Amino acid sequence: GASGMIIVEDEEGALPPEYAKMEEVPFFMQLVDLLRMKTMASHGGDHLFTPKGTENFVIVNGQYQPTHEVNEGQWYRFRMVFAA
């Protein structure tokens, strides 16, 4: 199913200025349980979903093993959700 993240913005002045000016980086992580998905697809009569492996993996923002560049000396505000 579909999932996502809702970011609630802070009220003006609610955070100290050093936090308020940080670049925000959202990370939405999801566990992909291939064995369970394969079993559910089979019970539902789906013959199109045929993954080769059974190893679980995590996707971040809908991507497998993404990268994100950060600059040395710069602070970031990471907003993270882990949905399994």
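What you are looking at is a predicted structure, and each value in this text was computed from that prediction instead of being measured. The figures here come from the full heavy-atom set of this structure, side chains too, leaving out hydrogens, waters and symmetry mates.
A donor-acceptor contact shorter than 3.5 Å is absent between the side chain of Asn56 and the backbone of Leu31. Within the 3.5 Å criterion, the main-chain N or O of Leu35 finds a donor-acceptor partner in the side chain of Thr39.
A continuous path of Ile, Leu, Val, Met, Phe, Trp and Tyr side chains, each step under 4.5 Å between heavy atoms, connects Val25 with Met80, placing both in one hydrophobic cluster. Tracing side-chain contacts under 4.5 Å through hydrophobic residues (I, L, V, M, F, W, Y), one never reaches Met22 starting from Ile7; they form parts of separate clusters.
Open room surrounds CE on Met40; 12 or fewer heavy atoms of other groups in view lie less than 6.0 Å from it.
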Verify side-chain contact (heavy atoms from CB on, under 4.5 Å) between Arg77 and Leu15, making sure each step is shown before the conclusion.
CA-CA 12 Å; Arg77 184 176 181 194; Leu15 292 175; 3.1 Å; yes
Would you check, one step at a time, whether the test side-chain contact (heavy atoms from CB on, under 4.5 Å) holds for Val58 with Val32?
CA-CA 6 Å; Val58 174; Val32 178; over 6 Å; no
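Looking at residues two or more places apart in sequence or on another chain, you find a salt bridge (charged side-chain N to carboxylate O under 4.0 Å, His left out) between Arg79 and Asp10, Glu24. Partners of Gln74 by side-chain hydrogen bond (donor to acceptor under 3.5 Å, both in side chains), not counting sequence neighbours, listed by chain and number: Glu23, Asn71, Tyr76.
Of all non-hydrogen atoms in Pro26 and Asn61, the two that sit nearest each other are O-ND2, 3.0 Å.
Contacts classified as ring pair (Phe, Tyr, Trp, His ring centres under 6.0 Å) and involving residues 6-42 (residues at least two apart or in different chains) are given here: Phe27-Phe78.
One finds the OG1 atom of Thr67 at 6.5 Å from the CD atom of Glu69 (value rounded to the nearest 0.5 Å).
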